[in-house]
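Have a look at the structure below before the remarks.
All values below come from the heavy atoms of this structure, side chains included, with hydrogens, waters and symmetry mates left out.
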Amino acid sequence: MEYIPAKTIVTATKSREWFGIDYNMNIYRGCCHGCIYCDSRSSCYQIKDFDQVRAKENALLIIRNDLRRKVRSGVVGTGSMSDPYNPFEKELLLTQHALELIDAFDFGVAIATKSTLLLRDLDILQTIKEHSPVLCKVTITTANDTLSKKIEPGVPPSSERFAMINTLSQAGIFSGILLMPVLPWLEDSEQNILSLIHHAHEAGARFIYAAFGMTLRDNQRDWYYAKLEKLFPGQGLSDRYRRQYGYQYKCSSPHASRLWEIFSQECERLNILYRMKDIIPAYQKKYQMTQLRLFDV
């Protein structure tokens with residue numbers, strides 16, 4: 001493992017609009033999951049040799065000092081730029097010990113991951129939940145294991161991620177799905193979206209947050225097109241993308257409007273949250289009321 005220097009790790013967010021997160025925490029840099037669509041591969045992030053995972057030097061000491069200096073507690077988000085549960089985490093335990101620090105300083109946590117290694121730290125999440133909000137966001141973009149293994153080769157298949165959500169839900173952890181990106185002409189079918197919603201419902205997911213399309217910018221675009229040619233030969237997918245999107249950054253599915261209609265109706269029917277304005281208060285309300293009662297005393 002190569003270690004890179006860092007001055008701070010837990011940084012304040014510019015806005016709480018993204019899942020009500022107050023602080024960002026990225027312990028690792030780069031990712032070895034190999035997902036063909038990853039936006040973090042884009043050159044604007046300046047991550048050299050993106051597929052090589054690096055850890056931040058003295059991460060736990062820095063995180064402890066960062067948390068101690070915060071004038072107020074809040075929800076610490078992790079997983080925005082690299083998965084906190086990459087394969088190296090199994091031995092390094094940096095995310096696990098960071099969660100212990102978050103617990104010790106009475107912060108909440110919002111985790112984004114594709115790895116079932118998250119379940120290793122279920123006991124810590126339950127302890128944090130006693131005093132602060134806990135949110136687990138599991139990225140699943142297809143209900144088809146064969147397709148998920150192609151486009152996300154370094155992570156467990158979708159079925160295992162649905163099973164993880166079931167375990168989290170049974171343990172009382174507020175958890176759900178990031179349905180993004182939805183790859184045009186690969187995942188943007190009514191069948192895929194409805195199947196994913198039904199699997200999520202069976203697993204006890206509290207929410208699904210969706211974006212029907214993807215991003216494509218330099219570096220990321222070239223990588224993605226090369227993978228399409230390799231994994232789906234003879235289908236002309238990369239040429240289809242070029243004709244449809246050119247050099248656009250945001251590439252919405254041609255079926256986005258119809259998919260959103262189907263998606264929202266089915267989520268309503270199954271009582272699954274899907275709007276950010278509903279998800280945030282649903283997992284934070286209990287703790288806000290507790291804080292208000294303490295303040296009144």
- Task: Applying side-chain contact (heavy atoms from CB on, under 4.5 Å), run through Met81 and Arg29 and close with a yes or a no.
- Result: CA-CA 7 Å; Met81 289 297 297; Arg29 190 169 175 83; over 6 Å; no
Heavy-atom check, side chain of [X] versus side chain of [Y], under 4.5 Å:
X: Trp223; Y: Leu216; result: no
X: Leu196; Y: Ile140; result: yes
X: Thr141; Y: Pro181; result: yes
X: Lys250; Y: Thr215; result: no
X: Lys129; Y: Phe174; result: no
X: Thr11; Y: Met25; result: no

Any carboxylate oxygen within less than 4.0 angstrom of a Lys/Arg side-chain nitrogen, looking at [X] and [Y]?
X: Glu160; Y: Lys114; value: no
X: Asp49; Y: Arg54; value: yes
X: Asp218; Y: Arg221; value: no

Going by distance alone, is a donor N or O of one side chain under 3.5 Å from an acceptor N or O of the other, for [X] and [Y]?
X: Asp103; Y: Thr127; value: no
X: Ser80; Y: Asn24; value: no
X: Ser42; Y: Asn219; value: no

- After noting the C-alpha distance and the side-chain angles of Thr139 and Leu179, does the key distance pass the side-chain contact (heavy atoms from CB on, under 4.5 Å) rule? CA-CA 6 Å; Thr139 299; Leu179 176 51; over 6 Å; no
Taking every non-hydrogen atom, the tightest pair across [X] and [Y]:
X: Glu57; Y: Ile62; value: O-CD1, 3.4 Å
X: Asp83; Y: Ala112; value: OD1-O, 4.3 Å
X: Ala98; Y: Leu60; value: N-CD2, 3.7 Å
X: Ile177; Y: Ala200; value: CD1-CB, 3.4 Å
X: Leu118; Y: Leu168; value: CD2-CD1, 3.8 Å
X: Ala59; Y: Ile27; value: CB-CG2, 3.9 Å

- Apply side chain to side chain donor-acceptor pair (under 3.5 Å) to the pair His198 and Glu266, showing each step before the final yes or no. CA-CA 9 Å; His198 296 157; Glu266 195 66 1; 2.8 Å; yes
- Message: If the condition is side chain to side chain donor-acceptor pair (under 3.5 Å), which residues does Asp106 pass it with, not counting sequence neighbours?
- Response: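 Listed in chain order: nothing, the list is empty.
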- For Ser253, which residues count as a side chain to side chain donor-acceptor pair (under 3.5 Å) partner, sequence neighbours excluded?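 Checked Ser253 against side chain to side chain donor-acceptor pair (under 3.5 Å); matches are Asp188.
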- Stepwise, does the side chain to side chain donor-acceptor pair (under 3.5 Å) test hold for Glu202 with His199? CA-CA 5 Å; Glu202 293 170 3; His199 278 80; 5.2 Å; no
- Query: Are Ile111 and Tyr23 joined in one hydrophobic group, where the rule is that I, L, V, M, F, W and Y side chains link up if heavy atoms are under 4.5 Å apart?
  - Reply: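 Yes, one cluster joins them.
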- Message: Under 4.5 Å between side-chain heavy atoms, counting indirect links through other Ile/Leu/Val/Met/Phe/Trp/Tyr residues: same cluster for Val109 and Tyr283 or not?
- Response: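 Result: no, two separate clusters.
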- Item | Full working for side chain to side chain donor-acceptor pair (under 3.5 Å) between Tyr85 and Asp121 | CA-CA 10 Å; Tyr85 289 99; Asp121 298 335; 2.7 Å; yes
- Message: Let's go through Arg217 and Tyr247 carefully: what are the C-alpha distance in whole Å and the side-chain angles of both, what is the deciding distance for side-chain contact (heavy atoms from CB on, under 4.5 Å) to 0.1 Å, and is it a yes or a no?
- Response: CA-CA 7 Å; Arg217 45 188 166 189; Tyr247 288 91; over 6 Å; no
- Query: Can you say whether the rings of Phe207 and Phe19 are parallel (under 30°), tilted (30 to 60°) or perpendicular (over 60°)?
  - Reply: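 Ring orientation, 0 to 90° scale: tilted.
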Atom [atom1] in [X], atom [atom2] in [Y]: separation rounded to 0.5 Å?
X: Ser159; Y: Asp145; atom1: OG; atom2: CG; answer: 3.5 Å
X: Phe88; Y: Cys32; atom1: CZ; atom2: SG; answer: 5.0 Å
X: Phe107; Y: Ser132; atom1: CZ; atom2: OG; answer: 8.5 Å

- Geometric cation-pi criterion Lys56 and Tyr28, 6.0 Å radius, 45° cone: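 No.
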- Given side chain to side chain donor-acceptor pair (under 3.5 Å), test Arg16 with Gln284 step by step and report yes or no. CA-CA 12 Å; Arg16 299 185 72 253; Gln284 292 190 356; 3.1 Å; yes
- Task: Output all residues satisfying ring pair (Phe, Tyr, Trp, His ring centres under 6.0 Å) with Tyr274, sequence neighbours left out; order by chain, then residue number.
- Result: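 Result, ring pair (Phe, Tyr, Trp, His ring centres under 6.0 Å) vs Tyr274: Trp260, Phe263.
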- Message: Centre-to-centre under 6.0 Å for Tyr224 and Tyr241, is that the case here?
- Response: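 Yes, close enough.
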